[in-house]
Amino acid sequence: MTRDYNALTDDAFRAEVRAFFEAEYPPHLRYILRRARWDEMKAWWDILYQKGWVAPVWPVERGGMGLDASKMLIYMEEMERHGVVRPPDQGITHIGPIIMRFGTEAQKEFYLPRALSGEHIWCQGYSEPNSGSDLASLRTSAVLDGDDYVINGQKIWTSLAQDATHCYVLTRTNPDTKKRQEGISLFLVDFKTPGITLRPIVNLAGHAEFCQVYYDNVRVPKQNLVGELHMGWSVAKALLSFERLAIGSPRRPAYALQRLEKVASARGLFADQGFLDRYTALKLDIEDLGSLYGRFVEQVKGGESLGADVSMLKIWSMDAWQRLTELLMEVSAEEGVLDGIRDFGGVDVDVLTSFYVSRPGTIYGGSNEIQRNIMSRYVLKLPM
Ligand SMILES: Cc1cc2nc3c(=O)[nH]c(=O)nc-3n(C[C@H](O)[C@H](O)[C@H](O)COP(=O)(O)OP(=O)(O)OC[C@H]3O[C@@H](n4cnc5c(N)ncnc54)[C@H](O)[C@@H]3O)c2cc1C
């Protein structure tokens, strides 16, 4: 029987989610700092799937929980509180909602249940070696040939492509438009299709977090086009502001602050006025971040859509997170540059990985420089 979680009070829903995570989430996967791989998350996915909790915001008739924005935020807060790690869930968070909104009935029937069950694992093929911030300049081409589009080009930074079975790929279908955004289309690509080569890229921390993906005469059935031909830009950008809210949550910086407090206590640094000054400034920054986040959350709860000013949240959270992990590394002294979990007065802290994982925060989800451009253009309305 389908439950109406939105009918529960916030407190009752929170208690239920918390109890579930505490009882069922594998303890060895709590708070892992790197991107979790599919083989380690699959068992947890199966538990979520059995409970019907894989897709919190998907509609109930599609197998989701049907949560409204306020219940979804509680779900996310409880995940973060218990250290529940994000599985490779782009099928649920990104392409699933895109298919629901822009896809054909056949695409919905085929892809949505398989994303839910974990049979299909999705990755995002947007960025190219010369098209990141300036994504509209992308050059990977898709050309109609009979009943197929033939894709040629190269994608990069495709997160966990090596775990994926499918990729949603932005391509150029019309090179001759006046506005570059107008000749772009989005395709659903099965990674088993001949002509696809993956080359993993190892990040600073030594993890193969993403891949270069080469498309060499890859034939994709024309039914795999999502939305209208040449209209992929608006399809691709449809979900950005909620992603920025998720990235802007204060939980990651708050967790780093907690670690900083443990290390500083173990090292007797709270007696040092110099440290205390820097710590207090950062603590207040996290408080500010919490208030800012709360403001946007209230906006979403009230049913309002988010404006360009949500960029401010992304800038502040990632910036504060980096400053915190820098201070954490500094106060950890020689322990801070050693790989793995170190013992600080009985508390385990992985300083180096904390530092590493905060680095790309100012790049992904739209770099902080780009967010500043958005703020200056659309919020402050400064002349460009
Ligand atoms: C951890 C991680 C995971 C990622 N996962 C994926 C994924 O799964 N799929 C995918 O498609 N992509 C992914 N990306 C790629 C990401 O979207 C791009 O890295 C990002 O858009 C920036 O593009 P770029 O790397 O080409 O840098 P560039 O766009 O070349 O930017 C380089 C620098 O110049 C600055 N800059 C660029 N343009 C301007 C401007 N107009 N004004 C001011 N400053 C500017 C940028 O802020 C940056 O500091 C991921 C990136 C990271 C770090």
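Counting convention: from 1, in listed order, for ligands and their atoms alike. This structure is a prediction, so every number in the text was calculated from the model and none was measured.
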Considering heavy atoms of the protein only, find what lies nearest to [atom] and give residue, atom and distance to 0.1 Å.
{"atom": "atom 53 (C) of ligand 1", "answer": "Pro360 CB, 3.6 Å"}
{"atom": "atom 24 (P) of ligand 1", "answer": "Gly132 CA, 3.9 Å"}
{"atom": "atom 51 (C) of ligand 1", "answer": "Tyr364 CB, 4.1 Å"}
{"atom": "atom 39 (C) of ligand 1", "answer": "Ile370 CD1, 3.6 Å"}
{"atom": "atom 9 (N) of ligand 1", "answer": "Gln124 O, 2.8 Å"}
{"atom": "atom 46 (C) of ligand 1", "answer": "Ser367 OG, 3.6 Å"}
{"atom": "atom 7 (C) of ligand 1", "answer": "Trp157 O, 2.9 Å"}
{"atom": "atom 19 (O) of ligand 1", "answer": "Ile363 CG2, 3.4 Å"}

Taking the six-membered ring where the residue is Trp, are the ring centres of [X] and [Y] under 6.0 Å apart?
{"X": "Trp122", "Y": "Tyr111", "result": "yes"}
{"X": "Phe187", "Y": "Tyr168", "result": "no"}
{"X": "Tyr5", "Y": "Trp53", "result": "yes"}

Less than 3.5 Å between some nitrogen or oxygen of [X] and one of ligand 1, yes or no?
{"X": "Glu369", "result": "yes"}
{"X": "Asn373", "result": "yes"}
{"X": "Ser159", "result": "yes"}

- line: When Trp45, Trp38, Phe110 are each screened for ring pair (Phe, Tyr, Trp, His ring centres under 6.0 Å) with His120, the one that passes is Phe110
Hydrophobic cluster partners of Tyr356 (side-chain heavy atoms under 4.5 Å): Leu204, Leu257, Leu260, Val263, Leu269, Phe270, Phe275, Leu276, Tyr279, Leu282, Ile286, Leu324, Leu327, Leu328, Met329, Val331, Phe344, Val347, Val349, Val351, Leu352, Phe355
query: Should Thr140 and Glu128 be marked as a side chain to side chain donor-acceptor pair (under 3.5 Å) after you check the CA-CA gap, both sets of side-chain angles, and the distance that decides it?
result: CA-CA 8 Å; Thr140 294; Glu128 297 182 8; 2.8 Å; yes
- line: Under 4.0 Å between heavy atoms, the region of Glu209 that gets near ligand 1 turns out to be side chain
query: What part of Ser127, side chain, backbone, both or neither, has a heavy atom within less than 4.0 angstrom of ligand 1?
result: both
- request: List every atom of ligand 1 that sits less than 4.0 Å from any heavy atom of Tyr126, numbering the atoms from 1 in the order shown and giving each element.
  value: 11 (O)
Per-atom contact, [atom], protein heavy atoms, under 4.0 angstrom:
{"atom": "atom 14 (N) of ligand 1", "answer": "yes"}
{"atom": "atom 1 (C) of ligand 1", "answer": "yes"}
{"atom": "atom 31 (O) of ligand 1", "answer": "yes"}

query: Does a sphere of radius 6.0 Å around CZ in Arg199 hold more than 12 heavy atoms from other residues, nucleotides or ligands, not counting ones at 6.0 Å or beyond?
result: no
- request: Flag yes if more than 12 heavy atoms outside Glu24 fall under 6.0 Å of its CD atom; otherwise flag no.
  value: yes
- request: Check side chain to side chain donor-acceptor pair (under 3.5 Å) between His82 and all other residues, then give those that pass, not counting sequence neighbours.
  value: none
- request: Step by step, work out the salt bridge (charged side-chain N to carboxylate O under 4.0 Å, His left out) result for Arg259 and Asp350.
  value: CA-CA 9 Å; Arg259 304 283 97 181; Asp350 186 342; over 6 Å; no
- prompt: With distance as the sole criterion, is a donor-acceptor pair present between the side chains of Glu77 and Tyr75 under 3.5 Å?
  reply: no
- line: Looking only at non-hydrogen atoms, the one of Gly366, Pro129, Ser133, Cys123 nearest atom 22 (C) of ligand 1 is Ser133
